[in-house]
Amino acid sequence: MASVTSLTASVHQRLADALSAALPEAGSADPLLRRSDRADFQANGILALAKKAKANPRDLATQVVERITTGDVIKDVEVSGPGFLNITITDKAITENLAARYADGERLGVPFAEHPGTTVIDYAQPNVAKEMHVGHLRSAVIGDAVVQILEFTGESVVRRHHIGDWGTQFGMLIQYLIEHPHELDHKGGAVSGEEAMSNLNRLYKAARAVFDSDEEFKTRARRRVVDLQAGDPETLALWQVFVDESKIYFYSVFDKLDMQIRDADVVGESGYNDMLDETCRLLEESGVAVRSDGALCVFFDDVKGPDGNPVPLIVKKSDGGYGYAATDLSAIRDRVFNLKASTLLYVVDARQSLHFKMVFETARRAGWLNDDVKAHQLAFGTVLGKDGKPFKTREGETVKLEDLLDEAVQRATAVVGEKAEKVGLTEQEIVENGRYVGIGAVKYADLSTSAVRDYKFDLDQMVSLNGDTSVYLQYAYARIKSILRKAGEARPTAHPELELAPAERELGLHLDRFVEAIEEVAAEYAPHKLAAYLYQLASLLTSFYDKCQVLSEDNPTEVVENRLFLVDLTARTLHQGMALLGIRTPERL
């Protein structure tokens with residue numbers, strides 16, 4: 001189906017035409033249309049145009065109003081204040097527009113982007129042989145939501161999980177495994193993610209204890225790093241054992257998060273090893289990087305240390321080793337020239353902002369980034385405890401991500417269980433819905449906060465039925481589904497001939513904003529704006545319920561059908577919007 005023209009677009013076009021007719025010398029003028037609490041819309045563009053044309057703004061506004069055709073889309077236009085236009089839409093136009101969205105299936109009238117590109121998004125970056133903690137939550141959840149949103153607009157998205165799978169610590173681990181060859185054996189066949197991490201933890205602690213106490217083992221471990229970097233087959237094979245064991249664990253955690261991670265999307269630091277030498281050569285030959293005390297460095301006028309001296313980006317160390325910069329710059333080359341990316345998006349902790357600022361500037365100087373290929377860091381803040389400090393256990397240790405997710409599901413299952421008997425849920429549905437509500441609560445708490453801000457992790461608030469929570473939105477959806485099941489033979493049907501009650505109009509106008517919301521969220525990589533839109537939608541639905549009975553024998557058939565149509569479209573919008581945030585909407589709660 002063709003995309004649906006939003007009411008905003010229709011009104012904008014009519015006002016622009018009236019402006020051009022009233023003031024031909026202005027050309028195609030922007031009426032600066034926005035939603036308003038004084039009317040359905042307000043146009044503020046006349047003030048600037050009048051100033052430019054040296055005209056009286058109220059007189060110009062009156063001339064524009066005279067040229068606006070009312071009756072089909074626009075019901076009424078009045079001049080307000082110094083020259084604002086307050087615009088009211090016809091009920092018929094609202095219902096007809098929503099009916100077109102309703103007929104558009106799961107797209108709900110949202111058009112595909114006119115000029116989609118290819119975005120490579122770097123997110124969910126755990127480290128091999130290390131447990132995932134609460135700090136890994138935001139990159140995974142924000143990144144996954146942005147992937148879903150961009151793909152919905154028609155963008156070609158390439159996922160990249162840049163896992164930490166290389167470095168000196170592997171010399172110690174591999175050497176220990178050579179000397180204790182059965183430490184990671186799977187004696188009973190397949191292992192769970194929890195068992196895989198337990199094995200890795202045990203081996204890491206044992207290897208670290210020997211490394212710290214045995215000088216000869218330490219020497220052997222350091223030699224093993226050289227073998228690894230040289231591509232020794234036996235060393236690489238054992239390194240792969242650690243990577244594979246870690247993936248069992250990673251994938252189990254992502255599965256708990258209800259996220260799909262594909263093996264082909266996991267390209268860790270090691271994936272760029274073959275490019276490091278050439279990256280350094282290209283930077284040095286072009287003069288972008290220079291030698292300083294034996295290291296290959298890139299300097300910046302605006303990056304200085306506390307002593308006032310320049311702080312460089314070190315691409316290659318004086319001992320010949322490569323730093324993170326070499327890997328990140330090689331990844332940019334791969335993503336630009338092999339994957340043909342038009343946008344590189346990095347969902348990375350805000351504390352790494354300086355590093356990425358220098359990496360992106362280096363890539364621009366080298367010509368790998370330009371006006372046609374842009375890189376952007378979607379920086380995120382810290383997860384805090386209720387006390388406003390970085391989230392830790394009572395013992396002061398970093399919170400394990402799995403423990404946090406398990407507790408969220410446990411709390412949510414208890415909330416679902418309290419209402420289970422009333423709704424008639426089976427034990428299986430309680431368990432399944434408990435998972436969807438618990439994981440949804442964690443994701444929504446993260447996504448409803450602007451990424452760059454810190455937020456407090458408060459499970460009591462997250463699983464609450466009241467306030468700005470995913471549970472509130474999930475229950476709103478389930479309530480609509482319950483009404484639709486009770487509707488009997490009555491079917492959701494749009495009736496444009498009906499006059500709408502104020503609560504119906506508010507709900508309908510907000511449903512029309514879904515297109516604008518998605519376009520804004522995709523352009524700004526701002527999932528929190530989608531969460532805000534959905535919360536307002538659920539709030540308007542609650543207000544609608546309070547003032548407009550849906551299934552009432554006192555209502556004419558067409559009123560019942562039209563209200564069923566409104567709530568069904570609201571359910572579809574909630575379902576699609578939540579899905580774009582990676583959150584499930586159970587039919588019964």
Does the side-chain hydrogen bond (donor to acceptor under 3.5 Å, both in side chains) test come out yes or no for N199 and E183, once each step is laid out? CA-CA 7 Å; N199 291 340; E183 284 294 301; over 6 Å; no
Show your working on side chain to side chain contact (heavy atoms under 4.5 Å, CB included) between H133 and K400 and close with a plain yes or no. CA-CA 4 Å; H133 53 78; K400 296 176 184 176; 5.8 Å; no
Trace of the side-chain hydrogen bond (donor to acceptor under 3.5 Å, both in side chains) decision for N273 with Y322: CA-CA 9 Å; N273 284 348; Y322 298 101; over 6 Å; no
Does L313 form a side chain to side chain contact (heavy atoms under 4.5 Å, CB included) with F299? I'd like the steps, not just the answer. CA-CA 7 Å; L313 180 72; F299 288 91; over 6 Å; no
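For the side-chain contact (heavy atoms from CB on, under 4.5 Å) with R159, the qualifying choice from V147, V266, I261 is V147, the only one to do so. Between I332 and the options T327, L344, T362, V373, a side-chain contact (heavy atoms from CB on, under 4.5 Å) holds for only L344.
Other residues, nucleotides and ligands contribute only 12 or fewer heavy atoms inside 6.0 Å of the CD atom of E194. No more than 12 heavy atoms of other residues, nucleotides or ligands lie within 6.0 Å of OH in Y324, so this atom counts as exposed by the packing criterion.
Using modelled atom types, one finds no donor on one side chain facing an acceptor on the other under 3.5 Å when comparing T449 with H528. Defined by atom type and a distance below 3.5 Å, a donor-acceptor pair is present between the side-chain atoms of Y477 and E587. Side chain to side chain, E155 and T119 meet the donor-acceptor criterion of an N or O pair below 3.5 Å. For the 3.5 Å distance criterion, the side chains of S192 and E195 qualify, holding a donor opposite an acceptor. Side chains of Q428 and E432: a donor-acceptor N/O pair is absent below 3.5 angstrom, by distance only.
Minimum heavy-atom separation, A289 to V298: CB-CG2, 3.8 Å. Among all heavy-atom pairs drawn from L184 and E245, the shortest one is O-OE1, 4.3 Å.
Applying the salt bridge (Lys or Arg N to Asp or Glu O under 4.0 Å) rule to pairs touching residues 441-452 yields R138-D446, sequence neighbours excluded. Applying the salt bridge (Lys or Arg N to Asp or Glu O under 4.0 Å) definition to pairs two or more places apart or across chains, those involving residues 404-423 are K256-D406, E407-R411, R411-D460. The stretch residues 320-330 participates, sequence neighbours left out, in no salt bridge (Lys or Arg N to Asp or Glu O under 4.0 Å) pair at all. Legend: salt bridge (Lys or Arg N to Asp or Glu O under 4.0 Å) pairs involving residues 294-312, not counting sequence neighbours, sorted by first then second residue: D302-K357.
Annotation: side chain to side chain donor-acceptor pair (under 3.5 Å) contacts of T542 (sequence neighbours excluded): Y472. In terms of the side chain to side chain donor-acceptor pair (under 3.5 Å) criterion, residue partners of D334 (sequence neighbours excluded) are, by chain and number, N338. Looking at residues two or more places apart in sequence or on another chain, you find a side chain to side chain donor-acceptor pair (under 3.5 Å) between D212 and R208. By the side chain to side chain contact (heavy atoms under 4.5 Å, CB included) test, D214 is found to be paired with V210, E216, F217, residues two or more places apart in sequence or in another chain being considered. Qualifying side chain to side chain contact (heavy atoms under 4.5 Å, CB included) partners for R584, counting only residues two or more places apart in sequence or in other chains: D258, Y436. In this structure K529 satisfies the side chain to side chain donor-acceptor pair (under 3.5 Å) test together with E520, E524, sequence neighbours excluded. Take A420 and apply the side chain to side chain contact (heavy atoms under 4.5 Å, CB included) test, not counting sequence neighbours, and it matches L425, I430.
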Distance-only check: which donor-acceptor pairs under 3.5 Å involve side-chain atoms of residues 530-538, not counting sequence neighbours?
unit_1 : atom_1 : unit_2 : atom_2 : d
Y533   : OH     : H510   : O      : 2.7

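A ring-centre distance under 6.0 Å is not found for F254 and H136. Note: F360 and Y346 meet the aromatic proximity criterion, with ring centroids under 6.0 Å apart.
Here the side chains of L329 and W368 are in contact, with some heavy-atom distance below 4.5 Å. Side-chain contact between R220 and M172: absent, with no pair of heavy atoms (C-beta onward) separated by less than 4.5 Å.
The aromatic rings of F457 and Y455 lie tilted to each other, with the angle between the two planes from 30° to 60°.
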